[in-house]
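Okay, so here's the structure we're looking at.
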Amino acid sequence: MANVTFSSPRMAKDITVYAVAGDRGTVLAVAKQHKIPIPFDCQDGNCGSCVVEVVHLNAPTKYSKYGIALTEEEKETLRQIGKISKDEVYEAEVNDMAPRHRLACQCFVRNEDILVRFEGDETLP
Ligand code: FES
């Protein structure tokens with residue numbers, strides 16, 4: 001079961017969608033499929049415009065029950081936009097622990113419920 005709840009000041013209310021097995025893809029792909037207005041540009045982990053906060057709702061700790069493997073590109077982009085700390089990089093590299101922020105275009109939805117928060121570009125309507 002994978003419920004993905006999207007929350008943002010850009011939306012009138014939170015929206016929860018069910019990502020079915022085999023049709024999960026990235027957080028950005030699920031968002032686009034359900035017309036959730038997460039900003040994006042490159043869709044390739046380079047620009048940082050799709051940054052989101054991911055909360056793992058059913059995890060025993062604040063971390064996902066699944067190990068994550070951040071790509072060098074995602075780490076570097078998160079670093080450049082100031083959304084990942086040195087400690088989070090260490091936890092990701094050594095213990096496969098997910099950092100608080102992810103790039104929606106690089107973060108895959110898995111078999112767990114998550115809350116995805118995003119701000120977005122406030123200049124857009
Ligand atoms: Fe550019 Fe995700 S859209 S990093």
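Counting convention: from 1, in listed order, for ligands and their atoms alike. The model shown is predicted, which means the values in this text are computed figures rather than measured ones.
Here the heavy atom of the protein found nearest to atom 3 (S) of ligand 1 is Q43 N, 3.1 Å. In terms of protein heavy-atom proximity, atom 4 (S) of ligand 1 is closest to G48 N, 3.3 Å.
Applying the salt bridge (Lys or Arg N to Asp or Glu O under 4.0 Å) test between E53 and each of R117, R102, K83 identifies R117 as the sole match. Put simply, the residue from E88, Q80, E93, Q106 that forms a side chain to side chain donor-acceptor pair (under 3.5 Å) with K75 is E93.
The ligand atoms of ligand 1 that sit less than 4.0 angstrom from a heavy atom of C105 are 2 (Fe), 3 (S), 4 (S). In summary, the atoms of ligand 1 found under 4.0 Å from a heavy atom of N46, numbered by their order in the structure, are 4 (S). Every atom of ligand 1 with a heavy atom of C50 under 4.0 Å away is listed here by number and element: 2 (Fe), 3 (S), 4 (S). Numbered from 1 in the order shown, with element, the atoms of ligand 1 that lie under 4.0 Å from a heavy atom of G45 read 4 (S).
Here the CD1-CG distance, from I84 to L103, works out to 9.0 Å after rounding to the nearest 0.5 Å. Separation of atoms NE2 (H56) and CZ (R110) is listed at 8.0 Å; rounding is to 0.5 Å. Taking CG of D113 as the start and OG1 of T5 as the end, the distance is 7.5 Å to the nearest 0.5 Å. In this structure, OG1 on T77 lies 14.5 Å from NE2 on H101, to the nearest 0.5 angstrom. Atom CG of L28 is separated from atom CD1 of I36 by 11.5 Å, given to the nearest 0.5 angstrom.
Among the atoms of C47, none of the N, O or S atoms falls under 2.8 Å from atom 2 (Fe) of ligand 1. Inclusion of C42 in the first shell of atom 2 (Fe) of ligand 1 is not supported: no N, O or S atom falls under 2.8 Å.
Here T77 has no heavy atoms under 4.0 Å from ligand 1, in either its backbone or its side chain.
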